[in-house]
Amino acid sequence: MREIDLRRFDLNLLIMFESLMRERHVGRTGEALGLTQPAVSHALSRLRDLLDDPLFVRHAGGVRPTPRAEALNAPVSHALATLRAALAEEGGFNPAEAVRTVSIGASDYTDLVLMPALMAAVRVSAPGLNIRRRPTSRETVLGDLRRRDIDMAIGPLAAAPDGLDLMPLFTERLVLVTRKAHPALTADMSLTMLAGLEHLLVSQSVDATGSLDERLSDAGLSRRVVMTLPNFLSAPFIVAETDLVALLAERVAHRLAGVAAIAVHPQPAPAPSWTIGLARLAGAAPDPAVDWICSLAGKVAGKQ
């Protein structure tokens with residue numbers, strides 16, 4: 001194995017490497033670090049010479065890491081996180097002066113329910129922090145965190161795999177959403193009445209079933225799902241123009257009720273609930289910037 005002369009190594013090259021692994025784009029890496037695109041390209045060229053590897057190759061929409069870069073990602077990120085934590089210990093983390101990029105794995109639910117208030121708070125207290133919201137899922141979140149593609153994830157804690165440290169934020173539940181003055185909603189809704197309505201289902205599953213179908217099946221009932229959608233953003237607007245009904249997360253329904261002509265109703269008891277929270281890789285090196293974002297998210301969530 002070829003030994004690297006650390007006297008020739010500039011720590012800024014590793015910071016650039018870490019950012020480029022996150023962004024997968026030279027221009028966005030420059031924006032995140034306050035550098036020009038030629039400066040990032042020059043730094044990458046120096047790092048390639050030192051490590052004797054291309055590290056990143058051109059790819060549609062940006063660059064793609066080589067196997068050597070993938071192998072370096074976790075140890076480099078861990079080393080930088082440890083160094084940041086050590087340097088921050090004496091004076092503490094100062095969000096007002098921090099210049100960093102933090103990547104958050106989440107879904108459009110988080111974008112609508114938590115991100116507006118979280119970003120407003122970040123912009124006030126830490127204007128030098130850049131936030132990258134990236135997609136993740138139960139199947140990929142552990143690998144995403146290990147590769148440092150994301151620093152943290154926000155979503156349902158029940159879906160979290162082993163190997164994560166979890167922090168609850170708030171409880172969520174489903175509510176019934178209909179167009180205003182829907183003819184079927186003149187009386188208190190029962191499970192039998194709910195089964196008789198025609199439904200719009202928000203689900204990424206290939207089969208048109210959701211949590212309600214289990215409750216209906218236990219009661220000897222079933223429903224007709226007229227339409228499925230992979231995400232909820234258009235659901236209230238479709239419901240507002242039809243006699244279809246939908247079950248949506250309560251915070252989503254109330255936020256979108258202001259822009260779509262919908263009514264929000266409690267669904268028949270018992271209405272199951274779940275916990276939305278933060279997930280980080282268990283045993284990861286301390287990172288003051290990520291610690292601060294997690295704490296801020298907890299404060300923001302407490303006001304939702």
Side-chain angles (χ1 to χ4, degrees), residues 13-33 35 40 43-44 47 51 53-85 98-111 114-115 118-119 122 129-157 159-167 204 231 276-294 296-297:
L13 297 181
L14 296 184
I15 295 172
M16 180 279 300
F17 173 85
E18 179 188 47
S19 183
L20 192 52
M21 283 295 298
R22 293 174 186 271
E23 301 294 343
R24 309 294 171 95
H25 190 280
V26 172
R28 289 198 297 269
T29 295
E31 292 175 5
L33 298 177
L35 300 173
V40 175
L44 178 57
L47 193 58
L51 299 179
D53 188 270
L55 297 175
F56 297 90
V57 295
R58 292 185 183 277
H59 184 60
V63 294
R64 179 175 57 197
T66 65
R68 180 76 190 282
E70 292 281 11
L72 286 169
N73 185 30
V76 166
S77 294
H78 190 277
L80 290 175
T82 301
L83 184 58
R84 289 184 182 112
V99 178
R100 275 286 306 280
T101 296
V102 175
S103 296
I104 301 175
S107 68
D108 51 356
Y109 170 88
T110 303
D111 294 343
L114 190 60
M115 279 297 183
L118 179 59
M119 281 307 303
V122 168
L129 280 187
N130 302 315
I131 303 297
R132 299 289 183 261
R133 206 288 273 169
R134 305 195 185 283
T136 193
S137 67
R138 174 183 171 82
E139 292 74 27
T140 66
V141 65
L142 195 56
D144 294 340
L145 286 163
R146 283 173 172 165
R147 290 190 304 272
R148 289 297 300 270
D149 289 343
I150 58 175
D151 297 298
M152 53 187 276
I154 300 176
L157 294 188
D162 294 336
L164 301 179
D165 287 333
L166 306 177
M167 174 181 141
Q204 295 185 344
N231 57 66
I276 300 294
L278 282 165
R280 296 179 66 182
L281 190 64
D287 188 320
V290 178
D291 293 344
W292 182 82
I293 286 285
C294 288
L296 183 64

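Positions are given from 1 along the sequence. Being a predicted model, the structure only gives us computed values, none of them experimental.
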Measure across Cys294 and Met152 and return the closest heavy-atom pair with its distance rounded to 0.1 Å.
SG-SD, 3.8 Å
Just jot down the side-chain hydrogen bond (donor to acceptor under 3.5 Å, both in side chains) partners of Asp53, sequence neighbours excluded, or say none.
Thr66
Picking from Val102, Val141, Ile104, what satisfies side chain to side chain contact (heavy atoms under 4.5 Å, CB included) with Ile150?
Val141
Distance col, row Leu14:CG vs Ser77:OG, nearest 0.5 angstrom, shows 9.5 Å
Taking all atoms of both residues into account, what is the closest heavy-atom pair of Gly30 and Val40, and its distance?
CA-CG2, 3.6 Å
Minimum heavy-atom separation for Arg138 and Pro161, please, with both atom names.
NH1-N, 3.9 Å
Minimum heavy-atom distance between His25 and Gly62, given as atom pair plus value
CD2-CA, 4.0 Å
Measuring only between side-chain heavy atoms, which start at C-beta, is Leu129 closer than 4.5 Å to Ile293?
yes
Residues that Asp111 engages under salt bridge (charged side-chain N to carboxylate O under 4.0 Å, His left out), provided they are two or more places apart:
Arg133
For Arg134, what residues pass the salt bridge (charged side-chain N to carboxylate O under 4.0 Å, His left out) criterion, not counting sequence neighbours?
Glu23
When rounded to the nearest 0.5 Å, the distance separating CG of Asp108 from CG of Asn231 is 5.0 Å
Calculate, to the nearest 0.5 Å, the distance between atoms CE and OG belonging to Met21 and Ser103 respectively.
11.5 Å
Do Val26 and Phe56 make a side-chain contact, defined as non-hydrogen atoms from C-beta onward lying under 4.5 Å apart?
no
Using a 3.5 Å distance criterion without hydrogens, assess whether the side chain of Thr82 forms a donor-acceptor pair with backbone atoms of His78.
yes
Rounded to the nearest 0.5 angstrom, the CG-CG distance for Leu72 and Leu55 is 7.0 Å
Arg146: side-chain contact (heavy atoms from CB on, under 4.5 Å) partners, not counting sequence neighbours:
Leu142, Leu281
Summary of salt bridge (charged side-chain N to carboxylate O under 4.0 Å, His left out) pairs that have at least one residue in residues 278-292, sequence neighbours excluded
Arg100-Asp287, Arg148-Asp287, Arg280-Asp291
What pairs with Asp149 under salt bridge (charged side-chain N to carboxylate O under 4.0 Å, His left out), at least two apart in sequence or on another chain?
Arg24, Arg147
Working to the nearest 0.5 angstrom, can you tell me the gap between Leu47 CG and Phe17 CZ?
7.0 Å
Is any side-chain heavy atom of Leu114 closer than 4.5 Å to one of Ile276?
no
Atom pair CD1 (Ile131) and CG (Asp151), whose distance is rounded to the nearest 0.5 Å:
9.0 Å
Can you see which heavy atom on Thr101 is nearest to which on Ala32, and at what distance?
OG1-CB, 3.3 Å
Ala160 and Leu166 have their tightest heavy-atom pair at CB-CD2, 3.8 Å
